[in-house]
Amino acid sequence: ILAIFILALSFVNKNLKPAIVLLKTLAVFILLSLPKLFAALEFNIENPREIEDFSGYKIFNLFYFLLSRRQNYHLGLVINDFNYGPDENSLYIGLIPAALLVIGLVAYGRKKAAFLITLIINLWLMLGNEVVFSLWALTKKLPIFEFARVAQRARFTFMLFLALFAAWGLKRASESVPQRWRNLSIYIASAVVFFDLTAFSSLNFLAKTFIIKNPLEVGLINMQEKPFTSTQLLPVEYSY
(Lines give C-alpha, C1' and ligand atoms only; values in the text may rest on other atoms or scores of the structure.)
Protein backbone atom coordinates (compact mmCIF):
# COMPACT_ATOMS: atom_id res chain seq x y z
CA ILE A 1 0.00 0.00 0.00
CA LEU A 2 2.90 2.34 0.76
CA ALA A 3 4.35 1.58 -2.66
CA ILE A 4 0.98 2.17 -4.32
CA PHE A 5 0.62 5.52 -2.55
CA ILE A 6 4.11 6.69 -3.54
CA LEU A 7 3.63 5.62 -7.15
CA ALA A 8 0.24 7.37 -7.22
CA LEU A 9 1.92 10.47 -5.80
CA SER A 10 4.55 10.37 -8.54
CA PHE A 11 1.86 9.91 -11.20
CA VAL A 12 -0.42 12.69 -9.93
CA ASN A 13 2.41 15.19 -9.42
CA LYS A 14 4.23 14.08 -12.60
CA ASN A 15 7.40 13.83 -10.54
CA LEU A 16 9.67 10.81 -10.20
CA LYS A 17 11.17 11.97 -6.90
CA PRO A 18 8.71 10.02 -4.66
CA ALA A 19 9.35 6.85 -6.70
CA ILE A 20 13.11 7.32 -6.37
CA VAL A 21 12.71 7.78 -2.61
CA LEU A 22 10.69 4.54 -2.54
CA LEU A 23 13.48 2.65 -4.33
CA LYS A 24 16.11 4.06 -1.97
CA THR A 25 13.99 3.16 1.07
CA LEU A 26 13.46 -0.35 -0.27
CA ALA A 27 17.19 -0.75 -0.90
CA VAL A 28 18.05 0.36 2.66
CA PHE A 29 15.38 -1.96 4.08
CA ILE A 30 16.75 -4.95 2.15
CA LEU A 31 20.32 -4.11 3.16
CA LEU A 32 19.53 -3.78 6.89
CA SER A 33 17.30 -6.86 7.03
CA LEU A 34 19.29 -9.03 4.63
CA PRO A 35 20.46 -11.74 7.09
CA LYS A 36 16.98 -12.37 8.49
CA LEU A 37 15.30 -11.74 5.15
CA PHE A 38 17.49 -14.29 3.38
CA ALA A 39 16.83 -16.89 6.10
CA ALA A 40 13.09 -16.27 5.98
CA LEU A 41 12.99 -16.57 2.19
CA GLU A 42 15.04 -19.77 2.25
CA PHE A 43 12.75 -21.27 4.90
CA ASN A 44 9.60 -20.37 2.94
CA ILE A 45 11.03 -21.82 -0.27
CA GLU A 46 11.86 -25.10 1.47
CA ASN A 47 8.61 -25.17 3.46
CA PRO A 48 5.92 -23.51 1.32
CA ARG A 49 2.66 -22.84 3.13
CA GLU A 50 0.24 -21.56 0.55
CA ILE A 51 -3.21 -20.93 1.99
CA GLU A 52 -6.20 -20.97 -0.31
CA ASP A 53 -8.54 -19.02 1.91
CA PHE A 54 -11.76 -17.36 0.80
CA SER A 55 -11.85 -13.96 2.42
CA GLY A 56 -12.92 -10.36 1.95
CA TYR A 57 -15.77 -7.99 2.76
CA LYS A 58 -19.13 -7.87 1.08
CA ILE A 59 -20.21 -4.25 0.60
CA PHE A 60 -23.10 -4.47 3.08
CA ASN A 61 -20.89 -6.20 5.64
CA LEU A 62 -18.27 -3.48 5.25
CA PHE A 63 -20.83 -0.82 6.16
CA TYR A 64 -22.00 -2.95 9.07
CA PHE A 65 -18.52 -3.29 10.54
CA LEU A 66 -17.87 0.40 10.01
CA LEU A 67 -21.03 1.58 11.76
CA SER A 68 -22.60 -1.11 13.95
CA ARG A 69 -21.87 -1.15 17.68
CA ARG A 70 -22.45 -4.93 17.91
CA GLN A 71 -19.21 -6.53 16.83
CA ASN A 72 -18.15 -9.26 19.23
CA TYR A 73 -18.45 -12.94 20.05
CA HIS A 74 -20.67 -12.38 23.08
CA LEU A 75 -23.77 -10.40 22.13
CA GLY A 76 -24.38 -11.90 18.70
CA LEU A 77 -24.17 -10.02 15.42
CA VAL A 78 -27.09 -8.89 13.29
CA ILE A 79 -25.38 -10.37 10.21
CA ASN A 80 -23.95 -13.84 9.73
CA ASP A 81 -22.94 -14.10 6.05
CA PHE A 82 -19.30 -13.08 6.48
CA ASN A 83 -16.05 -15.01 6.47
CA TYR A 84 -13.74 -15.19 9.49
CA GLY A 85 -14.71 -13.79 12.88
CA PRO A 86 -15.44 -10.27 14.09
CA ASP A 87 -11.80 -9.97 15.17
CA GLU A 88 -10.79 -10.15 11.48
CA ASN A 89 -13.58 -7.83 10.29
CA SER A 90 -14.16 -5.11 12.86
CA LEU A 91 -13.20 -1.58 11.80
CA TYR A 92 -15.77 0.53 13.67
CA ILE A 93 -15.55 4.29 13.25
CA GLY A 94 -19.08 5.44 14.08
CA LEU A 95 -21.52 7.86 12.48
CA ILE A 96 -19.65 11.14 13.05
CA PRO A 97 -16.36 10.03 11.43
CA ALA A 98 -18.38 8.40 8.62
CA ALA A 99 -20.14 11.73 7.95
CA LEU A 100 -16.82 13.58 8.11
CA LEU A 101 -15.33 11.02 5.73
CA VAL A 102 -18.01 11.79 3.14
CA ILE A 103 -17.42 15.53 3.55
CA GLY A 104 -13.67 15.02 3.22
CA LEU A 105 -14.03 12.89 0.09
CA VAL A 106 -16.31 15.46 -1.56
CA ALA A 107 -14.24 18.48 -0.54
CA TYR A 108 -10.72 17.09 -0.99
CA GLY A 109 -11.05 14.03 -3.22
CA ARG A 110 -9.70 15.79 -6.31
CA LYS A 111 -7.15 17.87 -4.41
CA LYS A 112 -5.78 14.77 -2.68
CA ALA A 113 -5.93 12.49 -5.71
CA ALA A 114 -2.99 10.29 -4.68
CA PHE A 115 -4.62 9.62 -1.31
CA LEU A 116 -7.98 8.90 -2.98
CA ILE A 117 -6.42 6.49 -5.49
CA THR A 118 -4.68 4.62 -2.67
CA LEU A 119 -7.87 4.52 -0.61
CA ILE A 120 -9.84 3.03 -3.53
CA ILE A 121 -7.15 0.44 -4.33
CA ASN A 122 -6.92 -0.47 -0.64
CA LEU A 123 -10.70 -0.89 -0.53
CA TRP A 124 -10.56 -3.10 -3.61
CA LEU A 125 -7.94 -5.25 -1.87
CA MET A 126 -10.15 -5.54 1.25
CA LEU A 127 -13.05 -6.88 -0.79
CA GLY A 128 -10.90 -9.94 -1.43
CA ASN A 129 -12.64 -12.83 -3.16
CA GLU A 130 -16.07 -11.24 -2.79
CA VAL A 131 -15.74 -9.30 -6.06
CA VAL A 132 -15.72 -10.63 -9.60
CA PHE A 133 -12.30 -9.22 -10.49
CA SER A 134 -10.28 -9.77 -7.33
CA LEU A 135 -7.16 -7.68 -6.73
CA TRP A 136 -6.55 -9.88 -3.68
CA ALA A 137 -6.44 -13.01 -5.83
CA LEU A 138 -3.96 -11.33 -8.19
CA THR A 139 -1.81 -10.17 -5.27
CA LYS A 140 -1.61 -13.71 -3.92
CA LYS A 141 0.03 -14.82 -7.16
CA LEU A 142 3.05 -12.63 -6.39
CA PRO A 143 6.11 -14.02 -4.61
CA ILE A 144 5.93 -13.72 -0.81
CA PHE A 145 2.30 -12.52 -0.98
CA GLU A 146 1.28 -16.06 -1.90
CA PHE A 147 1.65 -16.84 1.81
CA ALA A 148 -0.75 -14.05 2.82
CA ARG A 149 -4.16 -14.76 4.30
CA VAL A 150 -7.36 -12.86 5.20
CA ALA A 151 -8.00 -9.96 2.83
CA GLN A 152 -9.75 -8.04 5.61
CA ARG A 153 -6.37 -7.35 7.19
CA ALA A 154 -5.85 -4.69 4.54
CA ARG A 155 -8.26 -2.67 6.69
CA PHE A 156 -5.36 -1.49 8.85
CA THR A 157 -3.81 0.59 6.07
CA PHE A 158 -7.29 1.49 4.81
CA MET A 159 -8.04 3.10 8.18
CA LEU A 160 -4.99 5.35 7.86
CA PHE A 161 -6.25 6.94 4.64
CA LEU A 162 -9.84 6.93 5.89
CA ALA A 163 -8.71 8.87 8.99
CA LEU A 164 -6.97 11.45 6.82
CA PHE A 165 -10.10 12.15 4.77
CA ALA A 166 -12.21 12.26 7.93
CA ALA A 167 -9.77 14.83 9.37
CA TRP A 168 -9.98 16.89 6.21
CA GLY A 169 -13.77 16.58 6.45
CA LEU A 170 -13.64 17.93 10.01
CA LYS A 171 -11.53 20.83 8.77
CA ARG A 172 -14.06 21.65 6.06
CA ALA A 173 -17.04 21.24 8.41
CA SER A 174 -15.44 23.53 11.00
CA GLU A 175 -15.15 26.28 8.40
CA SER A 176 -18.94 26.68 8.55
CA VAL A 177 -18.68 27.53 12.26
CA PRO A 178 -17.99 31.15 13.36
CA GLN A 179 -14.27 31.78 13.83
CA ARG A 180 -14.44 32.22 17.61
CA TRP A 181 -16.16 28.85 18.06
CA ARG A 182 -14.18 26.95 15.43
CA ASN A 183 -11.48 25.45 17.64
CA LEU A 184 -14.01 24.61 20.35
CA SER A 185 -16.21 22.76 17.81
CA ILE A 186 -13.20 20.69 16.70
CA TYR A 187 -12.35 19.79 20.31
CA ILE A 188 -15.95 18.82 21.07
CA ALA A 189 -16.28 16.66 17.94
CA SER A 190 -12.95 14.95 18.69
CA ALA A 191 -13.98 14.30 22.31
CA VAL A 192 -17.33 12.82 21.27
CA VAL A 193 -15.62 10.48 18.79
CA PHE A 194 -13.00 9.49 21.38
CA PHE A 195 -15.57 8.58 24.02
CA ASP A 196 -17.72 6.75 21.46
CA LEU A 197 -14.74 4.61 20.40
CA THR A 198 -13.84 3.97 24.05
CA ALA A 199 -17.42 2.89 24.82
CA PHE A 200 -17.42 0.66 21.76
CA SER A 201 -14.21 -1.04 22.89
CA SER A 202 -15.51 -1.63 26.40
CA LEU A 203 -18.70 -3.18 25.04
CA ASN A 204 -16.94 -5.43 22.56
CA PHE A 205 -13.42 -6.86 22.51
CA LEU A 206 -12.37 -5.42 25.87
CA ALA A 207 -15.60 -6.49 27.58
CA LYS A 208 -14.64 -10.16 27.93
CA THR A 209 -11.63 -12.34 27.37
CA PHE A 210 -11.26 -15.76 25.77
CA ILE A 211 -10.58 -18.24 28.55
CA ILE A 212 -9.92 -21.92 27.93
CA LYS A 213 -11.84 -23.73 30.66
CA ASN A 214 -9.82 -26.42 32.42
CA PRO A 215 -7.95 -27.83 29.36
CA LEU A 216 -5.97 -30.30 31.49
CA GLU A 217 -9.11 -31.80 33.04
CA VAL A 218 -10.70 -32.75 29.72
CA GLY A 219 -7.74 -34.94 28.81
CA LEU A 220 -6.86 -33.15 25.58
CA ILE A 221 -3.45 -32.02 26.74
CA ASN A 222 -0.59 -34.09 28.07
CA MET A 223 2.25 -31.64 28.49
CA GLN A 224 4.84 -34.43 28.63
CA GLU A 225 3.76 -36.19 25.43
CA LYS A 226 2.52 -33.16 23.51
CA PRO A 227 3.98 -29.84 24.69
CA PHE A 228 2.18 -27.87 21.97
CA THR A 229 -1.38 -27.98 20.72
CA SER A 230 -3.68 -25.70 18.82
CA THR A 231 -6.30 -23.89 20.84
CA GLN A 232 -8.79 -24.89 18.16
CA LEU A 233 -8.75 -28.38 19.71
CA LEU A 234 -9.78 -27.09 23.13
CA PRO A 235 -13.22 -26.35 24.58
CA VAL A 236 -13.50 -22.60 24.87
CA GLU A 237 -15.71 -20.70 27.27
CA TYR A 238 -16.25 -17.04 26.52
CA SER A 239 -16.42 -15.57 30.02
CA TYR A 240 -15.27 -12.66 32.13
Side-chain angles (χ1 to χ4, degrees), residues 1-5 40 44 48-95 97-98 101 118-166 193 196-213 215 228-240:
I1 295 301
L2 175 62
I4 289 172
F5 170 68
N44 281 312
R49 187 170 179 265
E50 297 182 24
I51 301 174
E52 295 295 334
D53 69 326
F54 187 93
S55 58
Y57 288 101
K58 293 181 180 179
I59 295 296
F60 175 80
N61 293 347
L62 176 62
F63 282 107
Y64 177 89
F65 285 110
L66 279 169
L67 302 174
S68 174
R69 296 180 62 80
R70 298 187 64 170
Q71 300 189 32
N72 61 34
Y73 288 96
H74 316 295
L75 299 177
L77 278 68
V78 177
I79 59 173
N80 54 21
D81 60 334
F82 58 95
N83 48 73
Y84 289 90
D87 57 315
E88 294 283 16
N89 286 275
S90 182
L91 67 164
Y92 176 81
I93 60 173
L95 291 174
L101 171 64
T118 309
L119 183 75
I120 293 172
I121 293 176
N122 204 150
L123 173 61
W124 185 13
L125 193 64
M126 289 165 54
L127 297 179
N129 303 110
E130 294 287 0
V131 290
V132 176
F133 186 72
S134 173
L135 179 61
W136 171 252
L138 289 176
T139 302
K140 282 179 66 67
K141 295 183 182 299
L142 299 175
I144 306 300
F145 290 99
E146 60 190 344
F147 304 119
R149 57 187 294 266
V150 190
Q152 290 94 316
R153 292 182 184 178
R155 72 190 187 279
F156 298 117
T157 48
F158 176 76
M159 291 290 279
L160 296 176
F161 291 90
L162 183 152
L164 285 171
F165 277 105
V193 172
D196 179 57
L197 293 176
T198 302
F200 169 81
S201 297
S202 65
L203 291 172
N204 290 275
F205 294 111
L206 299 184
K208 298 182 180 182
T209 57
F210 298 148
I211 298 176
I212 300 173
K213 183 179 179 180
F228 173 81
T229 186
S230 171
T231 55
Q232 293 180 351
L233 301 176
L234 302 175
V236 178
E237 177 188 15
Y238 301 140
S239 58
Y240 290 102

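Just so you know, residue 1 is the first one in the sequence shown, and it goes up from there.
Residues F200 and S68 come closest through the heavy atom pair CE1-O, 3.8 Å. The nearest pair of heavy atoms linking R69 to Y92 is NH1-OH, 3.1 Å. Taking all atoms of both residues into account, the shortest heavy-atom contact from A137 to S134 is N-OG, 2.9 Å. When all heavy atoms of E88 and Q152 are compared, the pair lying nearest together is O-CB, 2.9 Å. Closest non-hydrogen pair, F161 versus I1, comes out as CE1-CG2, 3.8 Å. For the pair F54 and Y84, the tightest heavy-atom approach, listed with the atom from each and the gap, is O-CE1, 3.9 Å.
For the atom pair CG of L138 and NZ of K140, the computed distance is 12.0 Å after rounding to the nearest 0.5 Å. From N61, atom CG reaches atom CG of N80 across 9.0 Å, with rounding to the nearest 0.5 Å. Separating the CG atom in L164 from the CG atom in L119 is a distance of 9.5 Å, to the nearest 0.5 Å. To the nearest 0.5 angstrom, K58 atom NZ is 11.0 Å from F82 atom CZ. From L91, atom CG reaches atom CG of L67 across 9.0 Å, with rounding to the nearest 0.5 Å. The CG atom of N83 lies 8.0 Å from the CG atom of D53; values are rounded to the nearest 0.5 Å.
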Please report the C-alpha distance between L127 and W136 in whole Å, then the side-chain angles of each, then the deciding distance to 0.1 Å, and finally whether the side-chain contact (heavy atoms from CB on, under 4.5 Å) criterion is met.
CA-CA 8 Å; L127 297 179; W136 171 252; over 6 Å; no

For E130 and Y57: C-alpha separation, side-chain torsions, deciding distance, then whether side-chain contact (heavy atoms from CB on, under 4.5 Å) applies.
CA-CA 6 Å; E130 294 287 0; Y57 288 101; 6.0 Å; no

Given the rule in the side-chain contact (heavy atoms from CB on, under 4.5 Å) test, do L66 and L162 qualify, once you have shown the distances and angles that lead to the verdict?
CA-CA 11 Å; L66 279 169; L162 183 152; 4.3 Å; yes

Please evaluate residues D81 and I79 with respect to the criterion side-chain contact (heavy atoms from CB on, under 4.5 Å), reporting the C-alpha separation (whole Å), side-chain torsions for both, the decisive distance (0.1 Å), and the verdict.
CA-CA 6 Å; D81 60 334; I79 59 173; 4.1 Å; yes

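Panel note: side chain N129, backbone G56; no donor-acceptor pair is recorded below 3.5 Å. Counting only distance, with no hydrogens or angles, the side chain of R155 and the backbone of M126 share no donor-acceptor pair below 3.5 Å. Remark: side-chain polar atoms of T157 are paired, donor with acceptor, to backbone N or O of A154 under 3.5 angstrom.
A 4.5 Å side-chain heavy-atom check between L62 and L123 finds at least one atom pair inside the cut-off.
No side-chain N or O of N89 forms a donor-acceptor pair with one of Q71 less than 3.5 Å apart.
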